Amino acid sequence: MKFNPADKIQDLQYFGESGGVNPSISDSSTYTFLTAKTMADTFEGNTDGCYLYSRHSTPSNNFLGESLAAMEGTAAANVAGSGMGAITPTLLQLCGAGDHIVSSRTIYGGTYAFLKNFTPRMQIQTTFVDITKLALVEAAITKNTKVLYCESVSNPLLEVADIKGLAALAKKYHLKLIVDNTFSPLSISPAKLGADIVIHSLTKFINGTSDTMGGVVCGTTEFVNSLKSVIDGASMLLGASMDSLRAAAILKNMRTLHLRMKQHSKNASYLAEKFENLGIKTVYPGLASHPSHAVFKSMMNQEFGFGGMLTIDAGSLEKANALMELMQAKNVGYLAVSLGFYKTLFSASGTSTSSEIPEDEQKEMGLSAGLIRFSIGLDNDIERTYRMMKTCMEEVGIL
Ligand code: PLP
């Protein structure tokens with residue numbers, strides 16, 4: 001039977017203390033042991049089901065991790081305090097001095113800055129490539145390469161990675177393929193397509209209420225345990241751990257992720273088609289005009305659609321700013337970064353979430369100054385929203 005990530009979440013049933021329908025929250029940073037020997041054994045990693053300290057793991061974090069592993073079809077997962085708190089230890093666990101990474105050039109600005117400006121301090125070098133061109137990816141691999149890094153749907157250009165093709169390259173050269181799936185939860189299941197490690201910023205669609213940060217690394221039990229090792233685990237030692245109260249909240253929100261993703265996709269798909277018909281330069285993986293429409297289609301879990309993210313080019317930064325300010329004033333949504341909220345969010349990526357990328361590189365990768373990235377909300381009547389947006393576009397002279 002075909003893998004369905006939403007069914008995997010639904011099939012998890014937890015009982016709280018006293019028969020609660022939600023698992024009890026472990027409101028403790030440290031844990032007792034009945035004997036000193038069990039404490040010593042736990043620190044050596046020889047006891048299952050014992051907790052030592054909440055930076056390592058907590059029952060609430062483990063419930064959330066188990067759910068995310070089930071959703072991505074991996075054996076294990078480790079949650080973190082933010083998406084960057086998942087990405088940075090993963091890369092540092094896999095790479096050390098002298099190692100090399102091949103990364104997509106269109107990735108979240110924070111990840112880009114980490115690879116471009118921070119990891120060279122540790123003698124880890126990265127080559128950035130157009131991830132949609134497998135020949136370029138292969139040509140960038142050297143004898144020192146350890147990792148292929150990409151986003152399934154990239155931030156902000158919505159380029160789509162051919163995960164099967166990249167997985168074949170990773171296998172051929174004995175590399176780890178890491179896929180950040182933040183933009184396309186449920187729609188794409190990277191591990192099922194051959195990715196070794198799947199990462200999410202839970203701050204976005206998975207939590208869905210823009211009230212908390214979170215991240216997760218999904219992978220093999222061996223890799224997840226290595227991240228948590230008290231001796232040399234990058235997650236354990238760098239300390240970007242999640243708080244149990246937050247883990248419990250995110251787990252509850254995950255239960256409605258399938259409904260939300262369908263509505264985000266439906267609304268974004270409607271608007272993308274309308275905008276394109278108006279003659280506005282629109283990028284959305286669900287449009288036939290998207291260069292990787294067929295690749296997305298070949299990878300997707302169809303019922304969840306092409307996701308809630310789309311971009312338009314307003315022509316200039318001035319027009320983009322005027323449109324965003326007017327849309328906020330008219331209550332279409334918020335002029336804010338981030339994504340996956342129930343209201344629509346919009347930002348000009350070049351001067352916000354991708355501002356870490358130098359202007360000339362932005363130009364080269366096709367990130368224009370007037371590009372507005374939209375995270376389309378759960379609006380009940382998207383035709384009404386469209387009419388409001390169109391009026392705003394007319395008022396600022398985009399139409
Ligand atoms: N990955 C992607 C694709 C993102 O868009 C972001 C944030 O915008 C991150 C990772 C980082 O996540 P966080 O902000 O939760 O650290």
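In each ligand, atom 1 is the first atom listed, and ligand 1 is the first ligand listed. Along the sequence shown, the residues carry numbers beginning at 1. Since we're looking at a predicted model, the values are computed, not measured.
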Hey, quick one: are L202 and L227 part of the same hydrophobic cluster, counting side-chain heavy atoms closer than 4.5 Å, chains of contacts allowed? no
F183 heavy atoms within 4.0 Å reach ligand 1 at atoms 3 (C), 5 (O)
Under 6.0 Å between ring centres: does that hold for F128 and Y112? yes
Any pair with a residue in residues 133-144 that passes side chain to side chain donor-acceptor pair (under 3.5 Å), sequence neighbours left out, goes on the list, sorted by first then second residue, please. D130-K133, E138-K172, E138-Y173, T142-T145
Measure the distance from atom 5 (O) of ligand 1 to every protein heavy atom, then report the residue, atom name and distance (to 0.1 Å) of the closest one. N155 ND2, 2.9 Å
Please say yes or no: joined through hydrophobic side-chain contacts below 4.5 Å, possibly via intermediate residues, are I197 and F3 part of one cluster? no
Using a strict cut-off of 4.0 Å, indicate which atoms of ligand 1 neighbour a heavy atom of D180. 1 (N), 2 (C), 3 (C), 10 (C)
Between H293 and F306, is a ring-ring contact (aromatic ring centres under 6.0 Å, His included) present by the stated rule, with each step listed? CA-CA 9 Å; H293 176 65; F306 292 90; 5.3 Å; yes
Students should be able to answer this: which protein heavy-atom is nearest to atom 15 (O) of ligand 1, and at what distance? T203 OG1, 2.6 Å
Sidechain-backbone polar pair: T58 side chain, N61 backbone, donor-acceptor under 3.5 Å: yes
Top protein contact for atom 13 (P) of ligand 1, by heavy-atom distance: G83 N, 3.3 Å
Quick check: I87 and ligand 1, any N/O pair under 3.5 Å apart? no
Do the ring centers of H290 and F296 come within less than 6.0 Å of each other? no
Shortest protein contact, atom 9 (C) of ligand 1 (heavy atom only): Y108 CD2, 3.5 Å
Identify, for atom 16 (O) of ligand 1, the protein heavy atom at the shortest distance, and state residue, atom and that distance. M84 N, 2.8 Å
Does S292 reach the main-chain N or O of V295 with its side chain, forming a donor-acceptor pair under 3.5 Å? no
Judging by distance only, is a nitrogen or oxygen of T111 under 3.5 angstrom from one on ligand 1? no
Which of the ligand 1 atoms, numbered from 1, are nearer than 4.0 Å to a heavy atom of E151: 3 (C)
Ligand-side contact atoms (ligand 1) for residue partner K204, heavy atom cut-off under 4.0 Å: 4 (C), 5 (O), 6 (C), 7 (C), 8 (O), 9 (C), 12 (O), 14 (O)
